Amino acid sequence: MSARVEIRMPLEQEGDKSVVRAWLKQVGDRVLRDEAIVEIETDKVAIEVPAPADGVLAEIALEIGADAPAGALLGLIASVIPDAQSAIRNPVGRKTPRSLGSAPSPAAEPPNDGREQRLSPLVRRLIADNAVEIAAIVGSGRDGRVTHRDVMAFVEQGKAGPPAPSPATLPLADKASRSTRVPHDSMRRNIAEHMTRSLATAPHVTAVFEADFSAIMAHRKRHKAAYAQAGAPLTYSAYIILAAAAAMEAAPNVNSRWHDDDLELFEDANIGIAVALGDKGLIVPVIAKAQTLSLKQIAQRLGELTEKARAGRLTPADVRGGAFTISNHGVSGSLLAAPIIINQPQSAILGIGKLEKRVIVREIDGADTIQIRPMAYVSLTIDHRVLDGHQTNAWLTHFVETLENWPSED
C-alpha cells in the first residue's frame, strides 16, 4: 500500500465554527505540496488549507457543508497513485468516505476542454450568482486558475454585470402573495449563532454620548492629501481607533475578557473594526497594538485591511486577537444603534452614528451661543458583568474629549 498523508484542519482557527466551503481538487487529482486544496469558512474569515505533500487526492473525509473543528481529518493524499486494492481498503469499523476507490478511472474522466473545468464549485456558484463572464477574470491561482478571491475582487471593482435572478418564487395559498427562500450561507448562519449566543451570555447595557467632530475634520482637511501620498488614506475611522485606544487608560476593564473565575485584562489595545460585506454580513479585521501606533500608521493599516476584507483576501492573522470592536454603523445612515451586540468574548463594543450638522448651544466667553457643528452619537455597549455605569461613562468621556480636542498638527 502506498503511503498516505493526512490533510487536517489547522489547530488554531478564528471564529466559533468552521465548515468546508469547497474542495479545489477532486479524488484522483494530482496535487502539489502547499497547493490550496480545500476552502474553509468561519464566521470571521475564509481560508485555504494547503496540501501537506505531493501526490494524489485519495480520499475526502469531510464533504462540502460539513463542520470542520480544529484538528479534524479533512482528507488523505496518496504519495503515489495506489492500486485498485489499496484504493478501496478502509480501516475496520470506519464509515467509508468518498475515496479514490469510488472515483471514476482516469479513462472515464471527460477531457479538460477549457478553463471552465478547472473551476471549484464555489467559484462556479459565485460566477453564476453575479452573472460574471469567466473569460473577463484574470486568475491568480496555479496555472492561471480563477479563485473565489479573483471573482470577489472582480465584482467589487464594479466590472461585473447585474446579479443573477433570484430563486424562483414559490406560490402561496393566496396567489396575490409570493415569496422566495434563499438558503443561508455558512457565514450568515455562523454570524446568527454568534450573535444569539452573545445576547444569551452577557447582560447588555448601552450608554450614549455626543461627539463634536470639528477638530478632527479640520485636522483631516489639513493632512488628508499628504497622508494619501504616503499610502495612508485618512478616514474618520483612523481617528476613532486612536481615540478608543487612548480611552482604555480611563477604564481598563473595557479592554478585557470575562472568565467564570476571573477577569482577563489586556495590556495591548487590539481593536477590531467591522467591515460590511454587503448582504453577506460583517467581518472584523484587527488593528493590533493600536496604542503604540501613530495616526498615519493606523490609517495605512486600516486601508490595507479594508481592501483585503472586501476582496476576500483576509488571512486568519488579520482577524486574530481582537479585544475590543468598533461598529461605524453611521456610514450607512443610522444615527443610533442600540444595543450593538458585543463580539464575544469581548466586554464592550463602540458604536459610531451618522455624522451630521446640528444646532447646539455652546458657552463662549460666559455667554450661551447657538452653533452649527458636525456631531455624531457615540455609544458604548458593555457587558454588565464586567463594567458598571461609572466605568462606561468614564471611558466615553475620555473618548469624546480626545476627539474634540484633537491637536491641529501631528
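Quick caveat, the model's predicted, so the values are computed rather than measured.
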Mark yes or no for whether [X], through its side chain, and [Y], through its backbone, hold a donor-acceptor pair below 3.5 Å.
X    : Y    : answer
Y239 : W406 : no
Q291 : A269 : yes
T397 : N393 : yes
R373 : S214 : no

Minimum heavy-atom distance [X]-[Y], with the two atoms named:
X    : Y    : value
I326 : A244 : CD1-CB, 4.3 Å
I40  : M9   : CG2-CE, 3.4 Å
A72  : L62  : CB-CD1, 4.2 Å
D212 : E404 : N-OE2, 2.8 Å
R257 : L263 : O-CD1, 3.4 Å
G353 : A376 : O-CB, 3.7 Å

Heavy atoms of other groups near [X] [atom1], more than 12 under 6.0 Å:
X    : atom1 : result
E267 : CD    : no
E307 : CD    : no
I370 : CD1   : no
K308 : NZ    : yes
H390 : NE2   : no

Sub-4.5 Å side-chain heavy-atom contact between [X] and [Y]:
X    : Y    : answer
D383 : P203 : yes
V27  : E59  : no
Y236 : V331 : no
M217 : L355 : yes
R320 : V286 : no
R8   : V49  : no
I342 : T381 : yes
L24  : E39  : yes

I need the [X] [atom1] to [Y] [atom2] distance, nearest 0.5 Å.
X    : Y    : atom1 : atom2 : answer
L242 : Q297 : CG    : CD    : 10.0 Å
I298 : I240 : CD1   : CD1   : 11.5 Å
L403 : F213 : CG    : CZ    : 5.5 Å
I287 : L302 : CD1   : CG    : 5.0 Å
Q346 : N255 : CD    : CG    : 9.0 Å
I340 : S327 : CD1   : OG    : 4.5 Å

Looking just at side-chain N and O atoms, do [X] and [Y] make a donor-acceptor pair shorter than 3.5 Å?
X    : Y    : value
Q344 : T201 : no
H398 : E249 : no
S379 : T206 : no

Item to check | L74 and I37: CA distance, side-chain angles, deciding distance, side chain to side chain contact (heavy atoms under 4.5 Å, CB included) verdict | outcome: CA-CA 10 Å; L74 300 172; I37 193 169; over 6 Å; no
Next on the checklist: Checking E210 against V400 for the side chain to side chain contact (heavy atoms under 4.5 Å, CB included) test, could you report, in this order, the C-alpha distance in whole Å, the side-chain angles of both residues, the deciding distance, and whether it holds?
Outcome noted: CA-CA 8 Å; E210 271 191 307; V400 170; over 6 Å; no
Checklist entry - So, are R4 and E6 salt-bridged, with charged N and O less than 4.0 Å apart? => result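 No, R4 and E6 are not salt-bridged.
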Checklist entry - Would you call R301 and D318 a salt bridge, using N to O less than 4.0 angstrom? => result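 D318 and R301: salt-bridged.
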Next on the checklist: Please list all pairs meeting ring pair (Phe, Tyr, Trp, His ring centres under 6.0 Å) that have one or both residues in residues 279-330, counting only residues at least two apart or in different chains.
Outcome noted: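 Applying ring pair (Phe, Tyr, Trp, His ring centres under 6.0 Å) to every pair that reaches into residues 279-330, excluding sequence neighbours, yields F324-W395.
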Checklist entry - Quick one: ring pair (Phe, Tyr, Trp, His ring centres under 6.0 Å) pairs with a partner in residues 349-389, sequence neighbours left out? => result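 Ring pair (Phe, Tyr, Trp, His ring centres under 6.0 Å) check on residues 349-389 returns no pairs.
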Checklist entry - Should L350 and F399 be marked as a side chain to side chain contact (heavy atoms under 4.5 Å, CB included) after you check the CA-CA gap, both sets of side-chain angles, and the distance that decides it? => result CA-CA 10 Å; L350 174 66; F399 173 74; 3.7 Å; yes
Item to check | E63/V20 under side chain to side chain contact (heavy atoms under 4.5 Å, CB included): CA gap, chis, key distance, verdict | outcome: CA-CA 7 Å; E63 298 285 354; V20 177; over 6 Å; no
Checklist entry - Under the side chain to side chain donor-acceptor pair (under 3.5 Å) test, which residues partner Q371, sequence neighbours left out? => result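 Once residues adjacent in sequence are excluded, the partners of Q371 under the side chain to side chain donor-acceptor pair (under 3.5 Å) criterion are T369.
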